[in-house]
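Please read the structure below before turning to the comments.
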Amino acid sequence: QVQLVESGGGLVQSGGSLRLSCAASGRTFSYMVAWFRQAPGKAREFVAGILWTGTTTYYSEAVKGRFTMSKDNNGNTMYLQMNSLKPEDTAVYYCATGPATTMDGRRYDYWGQGTQVTVSS
């Protein structure tokens, strides 16, 4: 079992920045680590992903060029740097890890509890 804990969410004005963290405990991350988000009344969507090696990253078109995913040196924490935030980025952000390189959330085995990001206009 791996436990994931997200942190770093909050309220920010449009154009601002936040950095989300996802810390793993119990076991290390699986092959793929990803951030998903879910806004009220909307389906969960893939935001960004990174291989546990840190060598390859993936981004949705909605965040490409604004968000950057990275890992720390010991591999126990993943980060999502979010710049140029927009009101449409408002959502609960979830960290997840699983064995496959996929944007399908159903393929991820472990999830964090989520952290709220609110972007005001």
Side-chain angles (χ1 to χ4, degrees):
Q1 284 276 64
V2 58
Q3 290 80 42
L4 303 178
V5 178
E6 303 99 333
S7 60
L11 173 64
V12 64
Q13 289 189 333
S14 181
S17 298
L18 283 174
R19 189 177 79 157
L20 305 183
S21 299
C22 175
S25 62
R27 280 175 46 187
T28 60
F29 290 107
S30 299
Y31 183 68
M32 177 78 164
V33 184
W35 287 94
F36 290 81
R37 66 186 181 187
Q38 187 165 23
K42 295 189 176 181
R44 181 179 61 196
E45 65 173 345
F46 173 87
V47 174
I50 190 169
L51 298 185
W52 71 273
T53 56
T55 55
T56 306
T57 53
Y58 307 87
Y59 300 97
S60 70
E61 287 299 321
V63 308
K64 195 174 293 183
R66 300 187 297 123
F67 291 11
T68 302
M69 195 164 175
S70 63
K71 61 185 283 288
D72 69 352
N73 289 335
N74 63 21
N76 290 333
T77 304
M78 300 291 183
Y79 302 102
L80 183 67
Q81 178 67 42
M82 305 187 297
N83 298 328
S84 302
L85 283 162
K86 306 174 182 179
E88 51 264 44
D89 293 318
T90 296
V92 178
Y93 284 69
Y94 298 91
C95 177
T97 191
T101 306
T102 177
M103 296 182 182
D104 184 349
R106 295 170 297 180
R107 301 286 302 277
Y108 288 79
D109 303 313
Y110 301 101
W111 292 80
Q113 81 289 351
T115 184
Q116 177 71 46
V117 171
T118 303
V119 184
S120 64
S121 57

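What's counted below: heavy atoms across the whole structure, side chains too, no hydrogens, waters or symmetry copies. We count residues from 1, following the sequence as given.
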Which word best sums up how the rings of Phe67 and Tyr93 line up, parallel for under 30°, tilted for 30 to 60°, or perpendicular for over 60°?
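The rings of Phe67 and Tyr93 sit tilted, inter-plane angle from 30° to 60°.
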Counting N and O atoms only, with roles assigned by atom type, does the side chain of [X] sit under 3.5 Å from a partner on the main chain of [Y], one being a donor and the other an acceptor?
X      : Y     : answer
Tyr94  : Glu6  : no
Thr115 : Ser7  : no
Tyr110 : Phe29 : no
Ser30  : Thr97 : no

Within a reach of under 6.0 Å around CH2 of Trp52, are more than 12 heavy atoms found that belong to other residues, nucleotides or ligands?
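Not buried by this count: 12 neighbours or fewer within 6.0 Å.
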Got a sec: does the CG of Asn73 have more than 12 other heavy atoms crowding it under 6.0 Å?
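It does not: Asn73 CG has 12 such atoms or fewer within range.
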For [X] and [Y], work out which heavy atoms get closest and say how close.
X     : Y      : answer
Tyr59 : Met103 : O-CE, 4.5 Å
Ala24 : Val2   : CB-CG2, 3.9 Å
Ala48 : Leu80  : CB-CD1, 3.9 Å
Ser70 : Ile50  : CA-CD1, 3.9 Å
Ala91 : Ala39  : CB-N, 3.8 Å
Gln3  : Gly26  : OE1-CA, 3.7 Å

Do [X] and [Y] have side chains that approach each other closer than 4.5 Å (heavy atoms only, starting at C-beta)?
X      : Y      : answer
Val119 : Glu88  : no
Ser25  : Val5   : no
Leu4   : Trp111 : no
Arg107 : Met32  : no

With side chain to side chain contact (heavy atoms under 4.5 Å, CB included) as the test, would you mind laying out the steps for Gln13 and Leu85 before giving the verdict?
CA-CA 8 Å; Gln13 289 189 333; Leu85 283 162; over 6 Å; no
Tell me whether [Y] is reachable from [X] by hopping between hydrophobic residues (I, L, V, M, F, W, Y) whose side-chain heavy atoms are closer than 4.5 Å.
X      : Y     : value
Tyr79  : Val92 : no
Tyr108 : Val33 : no
Met69  : Val63 : yes

Could you give the distance from [atom1] ([X]) to [atom2] ([Y]), rounded to the nearest 0.5 Å?
X      : Y     : atom1 : atom2 : result
Leu20  : Met78 : CG    : CE    : 14.0 Å
Asp104 : Arg44 : CG    : CZ    : 8.0 Å
Ser60  : Phe36 : OG    : CZ    : 10.5 Å

Indicate, with yes or no, if the rings of Phe46 and Tyr58 have centres closer together than 6.0 Å.
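Not close enough - the centres of the two rings lie 6.0 Å or further apart.
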Got a sec, which pairs hit disulfide (SG to SG under 2.5 Å) with one end in residues 52-121, sequence neighbours left out?
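Output for this query lists Cys22-Cys95.
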Met82 and its side-chain contact (heavy atoms from CB on, under 4.5 Å) partner, picked from Val12, Thr68, Val117:
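Of the listed options, the one satisfying the test is Val117.
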Take Arg37 and Asp89 through the test side chain to side chain contact (heavy atoms under 4.5 Å, CB included) and record every step on the way to the result.
CA-CA 9 Å; Arg37 66 186 181 187; Asp89 293 318; 2.9 Å; yes
